[in-house]
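Reviewing the structure listed below.
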Protein chains: 2
Amino acid sequence: MRIGETATAAGMTAKTLRFYEDRGLLPAADRAPNGYRDYPHETVSRLEFIRRGRTAGLTLAQIGDILSVRDIGQAPCVHVRDLLAKQLRDLDAQIAELTALRATVAEFHDAAAAGDPASCDPERICSYL
Amino acid sequence: MRIGETATAAGMTAKTLRFYEDRGLLPAADRAPNGYRDYPHETVSRLEFIRRGRTAGLTLAQIGDILSVRDIGQAPCVHVRDLLAKQLRDLDAQIAELTALRATVAEFHDAAAAGDPASCDPERICSYL
DNA sequence: CTTGACCTTCCAGTTTAGTGGAAGGTCAAG
DNA sequence: CTTGACCTTCCACTAAACTGGAAGGTCAAG
């Protein structure tokens, strides 16, 4: 697959793929005789993984850490495990924060949706903060 | 409360509070006769709300939208409700992404934690991607 | 009455994650 | 044999969210 096709399949631009290659999140692709990058189909799912991580608010560095498990191989397993355990703890904390936030926003929303005229009062809404 | 005390209570720096004021996330504080900002105690919880949102991966603009409910008051309730409904949809999408990501990372981790020596093989781990 | 820890404004620099555009090569189709 | 849609590199620019530092004011304590 060429870069544009791969990028489109993953919902990104070709520019972004080159940028990810530069940052080491994407291994340097094979080149066709004309110099064009030639990606295997699996690259799409790797990119989707990166995109999910980004949407979830992870930095490229964090995503790179997770992906680098692939390249660590030589290192003792304990390093891999520790890295992943830390990522899990971070993700759990982040999910907890988001869930708490969602609950707060839902409270605002329900008050507004109840049609309760008082819910339009900025002071009352503010008290939820 | 002065700016440094308020910032410390919320786990931030005074610089960040001035920055938030500049961005409209924090209303301009009252000033003491000497020109120092004087914050009410509630500012700490407002800042904690902002910090939770940031930790959860929201942008300051999104957090500002949520907080601006406070200032909308005059506007018809439907605007408030739509804004909050959109925030809820965004939060749900983000929580779903994070949860999916967590599941993937947990798979890696369990494979590594099983003590399965094969889990050290980069090719095998890679297959999860 | 000076020292130190605060505070003020303003302006510039940093990091992250891209995006835009120039200058040019490739290639199938008309 | 020339468009047009791709691709290449390289360099500069953007936006978001701070962060640092200069230059100076305030004030309680020694």
Side-chain angles (χ1 to χ4, degrees), chain A residues 1-40 43-44 46-68 87 90 94 97 101, chain B residues 1-40 43-44 46-68 90 94 97-98 101:
Chain A
M1 293 170 88
R2 293 196 307 190
I3 195 169
E5 191 189 351
T6 312
T8 306
M12 302 169 170
T13 68
K15 284 242 164 196
T16 303
L17 295 226
R18 291 189 200 101
F19 175 72
Y20 285 168
E21 179 181 310
D22 187 57
R23 292 306 168 91
L25 276 89
L26 216 50
D30 286 347
R31 296 300 177 118
N34 59 11
Y36 288 12
R37 286 174 182 79
D38 184 22
Y39 290 101
T43 298
V44 176
R46 190 179 175 97
L47 289 170
E48 280 165 351
F49 182 84
I50 296 174
R51 204 178 41 66
R52 271 205 305 283
R54 289 291 301 125
T55 307
L58 299 190
T59 66
L60 292 188
Q62 289 176 299
I63 296 168
D65 281 351
I66 299 175
L67 286 172
S68 73
Q87 286 297 346
D90 289 355
Q94 207 166 339
E97 290 271 29
L101 192 69
Chain B
M1 293 171 90
R2 293 196 307 191
I3 196 169
E5 192 189 351
T6 312
T8 306
M12 300 170 173
T13 69
K15 284 242 164 197
T16 303
L17 295 226
R18 291 189 200 103
F19 174 71
Y20 285 168
E21 179 181 312
D22 186 58
R23 292 306 168 93
L25 276 89
L26 217 50
D30 286 348
R31 298 297 179 121
N34 60 10
Y36 289 13
R37 286 175 183 81
D38 184 22
Y39 290 101
T43 298
V44 176
R46 190 180 176 96
L47 288 170
E48 280 165 351
F49 183 84
I50 297 175
R51 205 178 41 67
R52 271 205 306 281
R54 290 289 302 125
T55 307
L58 299 189
T59 66
L60 292 187
Q62 289 177 301
I63 296 168
D65 281 350
I66 299 175
L67 287 172
S68 73
D90 289 355
Q94 207 165 339
E97 291 273 29
L98 259 185
L101 191 69

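As the structure is a prediction and not an experimental result, all values here were calculated from the model. Both backbone and side-chain heavy atoms feed into the values below; hydrogens, waters and symmetry mates do not. Below, chain A is the first sequence line, B the second, and so on; all start at residue 1.
Atom-to-atom, CD of Glu5(B) to P of dA5(C) comes out at 18 Å; the value is rounded to the nearest Å. The nearest whole Å value for the distance from the NZ atom in Lys15(A) to the C1' atom in dA17(C) is 14 Å. Distance CZ (Arg54(B)) to C1' (dA16(D)): 8 Å, rounded to an integer number of Å. Rounded to an integer number of Å, the gap from Met1(A) CE to dC7(D) C1' is 15 Å. At whole-Å resolution of the value, CD1 in Ile3(A) and P in dT9(D) are 8 Å apart. Following rounding to the nearest Å, Asn34(A) (CG) and dC6(D) (C1') show an atom-to-atom distance of 10 Å.
Distance alone, capped at 3.5 Å, is enough to place a donor-acceptor pair between the Arg54(B) side chain and the Leu58(B) backbone. With hydrogens and angles disregarded, a donor-acceptor distance shorter than 3.5 Å links the side chain of Arg51(B) to the backbone of Ala10(B). Panel note: side chain Arg23(B), backbone Ala61(B); no donor-acceptor pair is recorded below 3.5 Å. A distance-only check finds a donor-acceptor pair linking the side chain of Asp38(A) to the backbone of Met1(A) [under 3.5 Å].
Pair assignment for dA28(C): dT3(D), on the basis of Watson-Crick or G-U wobble contacts that are both within less than 3.5 Å. Searching all strands for a Watson-Crick or G-U wobble partner of dT15(C) with both distances below 3.5 Å returns dA16(D). Nucleotide dT8(C) has dA23(D) as its partner under the Watson-Crick or G-U criteria, with both atom distances under 3.5 Å.
Note on Arg37(A): only backbone sugar-phosphate atoms sit closer than 4.0 angstrom, heavy atoms only; bases stay farther off. In this structure, Arg18(B) reaches the bases: a heavy-atom distance under 4.0 Å links it to at least one base atom across the strands shown.
Along DNA chain C, the nucleotide closest to Arg31(B) and the one closest to Leu60(A) are compared, and the more 5′ of them pairs with Arg31(B).
For Tyr20(A) against dG18(C), no side-chain N or O and base N or O form a donor-acceptor pair under 3.5 Å.
Here Thr13(A) does not reach the OP1 or OP2 of dG18(C): none of its side-chain N or O atoms lies under 4.0 Å away.
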